[in-house]
Amino acid sequence: MRRTTFLLCVLIFTVMLAGCAYGAAAKKSSNNSSSAGLPTIDSVGIVDRGEIVNSHPNLKTVRQQLADFERKKANEAKAAADKETDNAKKAQVVQAKRMEVAQEEQRLMAPIYRDCEQAVREVASRKKIVLVLDKFVVLIGGVDITQDVIQQLAKKK
């Protein structure tokens, strides 16, 4: 469940990055008619999103909060399930607690993802990069800005 939520958040982060990059590329191409509006190789950035998120200064705190919340909900689920005699109702209780954990994870991780996206935007803007892609979808080319983004996040700490 946690992995699914994490993957969903990573997917959302990717879509947001691509949308931002598309908007920036569209704006640049409307202002610059060279190369038929296509980004040049040095205006394409690549990042390792996992490394960026794992380097966020608040991630350790968020993970601890989430672990504490998970323990609390697991205890609540066990206590509620022990009171139930119907297995279907036990499963519903456990599933409801899992959903609460997933929602809390999304709530706690949202600021982390938002900070990471903002740092990517700032670095891309500073380096005049119009498109940022995940490095795992790029075979050749692009400028790796992962470390620059990590440094940008560290400045905000």
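Taking CD1 of I52 as the start and CG of L59 as the end, the distance is 13.0 Å to the nearest 0.5 Å. Within the model, atoms CD of Q65 and CD of E104 stand 8.0 Å from one another, a figure rounded to the nearest 0.5 Å.
Listed by chain and number, the residues in a side-chain hydrogen bond (donor to acceptor under 3.5 Å, both in side chains) with D48 amount to none (sequence neighbours excluded). Taking the side chain to side chain contact (heavy atoms under 4.5 Å, CB included) definition, one finds that R126 meets it with V123, Q152, sequence neighbours left out.
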Pair up each side-chain donor or acceptor in residues 73-83 with any protein partner under 3.5 Å, not counting sequence neighbours, and list the distances.
residue, atom, partner, partner atom, Å
K73, NZ, E76, OE1, 3.0
K73, NZ, E100, OE1, 2.6
N75, ND2, R71, O, 3.3
E76, OE1, K97, NZ, 2.9
K78, NZ, D82, OD2, 3.2

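I145 has its side chain out of reach of I46: every pair of non-hydrogen atoms, C-beta onward, lies at least 4.5 Å apart. Side-chain contact between N87 and K90: present, with at least one pair of heavy atoms (C-beta onward) separated by less than 4.5 Å. Counting heavy atoms from C-beta outward, M109 and I112 have side chains that approach closer than 4.5 Å. Taking 4.5 Å as the limit, every side-chain heavy atom of K128 sits out of range of all side-chain heavy atoms of S43. Two residues are said to be in side-chain contact when any heavy atoms from C-beta on lie closer than 4.5 Å; L153 and D115 meet this criterion.
Side chains of Q118 and E122: a donor-acceptor N/O pair is present below 3.5 angstrom, by distance only.
In this structure, H56 and N58 approach most closely via the heavy-atom pair ND1-N, 2.9 Å.
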